[in-house]
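This report concerns only the one structure given below.
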Amino acid sequence: MKHLLSLESMSTEALRAILDSTAAFKHERGHHSEQPLAGQSWALIFSKSSTRTRVSFEVAVRELGGQPMFLNTNDIQLGRGEPIKDTARVLGRMVHGAIIRTFAQQDVNEFAAYSNIPTVNALTDDEHPCQILTDIFTFEEKRGPIAGKTVTFIGDGACNVPASWIFAAAKLDFRLRLAAPKAYQPSSELLSRAGGNVTCFEDVLEAACGADLLYTDVWVSMGKEAESAERLRLLAGYQVNAKVVRVAAADALVMHCLPAYRGKEIDEETFEANAQTIFDQAENRLHAQKSVLNWLCH
Ligand code: CP
Ligand code: NVA
């Protein structure tokens, strides 16, 4: 039984297989020769908001022959306290796969352990593996292999998106630099678990110097709203803007996983100057999700 629970738990071979078949799903959109999910129902169980992940997975399941079923946690008994392991054992007898967006990574892991169906992490507090697979595909589509390149993440370096970048760096052999204030840098325990290729900086320009990809994410992740004021204060200097772009490589890409908050983690001008890349990245969520679903079924 295959799952996509985190990038930490994925082998390099599996990551490469998903990345390498994404282009075919993109090019064959509308005329997929195989329907690997034909006759299947897939549950999307979400306890946080989503635009891209929800829509891309719903469309991907449909276009691969299956039926998606969106379940907001508040509408099912899980939201009233039914245990994950009971929900998992019920759904595991009725649907063929599950795509879960929630808070605790342990909840996704537990669902996978009890459900006996392929389970996908569609974002937890710890990781956002489907996003980073898409981002790497998008980089390689525009610039060739990511191995040997330098990726600079600027902003909240301690949330789910940079964590998945950290695990990808060691497995796919690129350099990752994280620019964040001390309070929002990843723990040394996480960095040592990931096994290398990552350097943390407090100075944004030093981190961005010569980078092939500048990347950012929101300063206030879902679930962290109570910390907004403190985060806006401490992260104020950690913005992707023209000053930062100027020190990166001349052909550096600027990416954002979205949603974007202009004037916070990126300024309006830099966002719009890079909108083509950023919305290609968003579109590629659909193609990469198909590749993930196909990998899970084979
Ligand atoms: N990037 C991303 O996961 O977007 P959503 O929260 O809209 O799914
Ligand atoms: N770090 C962000 C990612 C949103 C796609 C969050 O968790 O809210």
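Atoms within each ligand, like the ligands themselves, are counted from 1 in listed order. For the single chain, residues carry numbers from 1 onward in sequence order.
Residue Tyr215 is tested with Phe174, Phe139, Trp165 for a ring pair (Phe, Tyr, Trp, His ring centres under 6.0 Å); the sole match is Trp165.
Taking any N or O of Met222, backbone or side chain, at least one lies under 3.5 Å from an N or O belonging to ligand 2. Of the polar atoms of His128, none of the N or O atoms is found under 3.5 Å from an N or O of ligand 2, judged by distance alone.
With sequence neighbours excluded, the residues that form a side-chain contact (heavy atoms from CB on, under 4.5 Å) with His31 are Glu28. With sequence neighbours excluded, the residues satisfying ring-ring contact (aromatic ring centres under 6.0 Å, His included) with Phe46 are Phe70. Taking the ring-ring contact (aromatic ring centres under 6.0 Å, His included) definition, one finds that Tyr261 meets it with nothing, sequence neighbours left out.
The protein atom (non-hydrogen) at minimum distance from atom 2 (C) of ligand 2 is Ser221 OG, 3.4 Å. Looking only at heavy atoms of the protein, atom 4 (C) of ligand 2 is closest to Leu123 CD1, 4.0 Å.
Within ligand 2, counting atoms from 1 as listed, the ones closer than 4.0 Å to a heavy atom of Val218 are 2 (C). Within ligand 2, the atoms closer than 4.0 Å to a non-hydrogen atom of Cys159 are 1 (N), numbered from 1 in the order shown. Annotation for ligand 2: atoms under 4.0 Å from non-hydrogen atoms of Asn160 are 1 (N), 2 (C), 6 (C), 7 (O).
Judged by the 6.0 Å distance and 45° axis criteria, Lys48 is positioned over the aromatic ring of Phe103.
Taking CD1 of Ile18 as the reference point, atom CG of Leu4 lies at 5.5 Å (rounded to 0.5 Å). The distance from the CD atom of Glu227 to the OH atom of Tyr184 is 5.5 Å, given to the nearest 0.5 Å. Taken from OG1 in Thr53 to CD in Glu58, the straight-line distance is 11.5 Å, to the nearest 0.5 Å.
Around the CG atom of Asn116, the shell of radius 6.0 Å holds no more than 12 heavy atoms that belong to other residues, nucleotides or ligands.
Listed by chain and number, Ser50, Thr51, Arg52, Thr53, Arg101, His128, Gln131, Cys257, Leu258, Arg285 each place a non-hydrogen atom less than 4.0 angstrom from ligand 1.
A heavy-atom separation below 4.0 Å is found between Leu258 and ligand 2.
At a threshold of 4.5 Å between non-hydrogen side-chain atoms, the residues Val218 and Asp156 do not count as touching.
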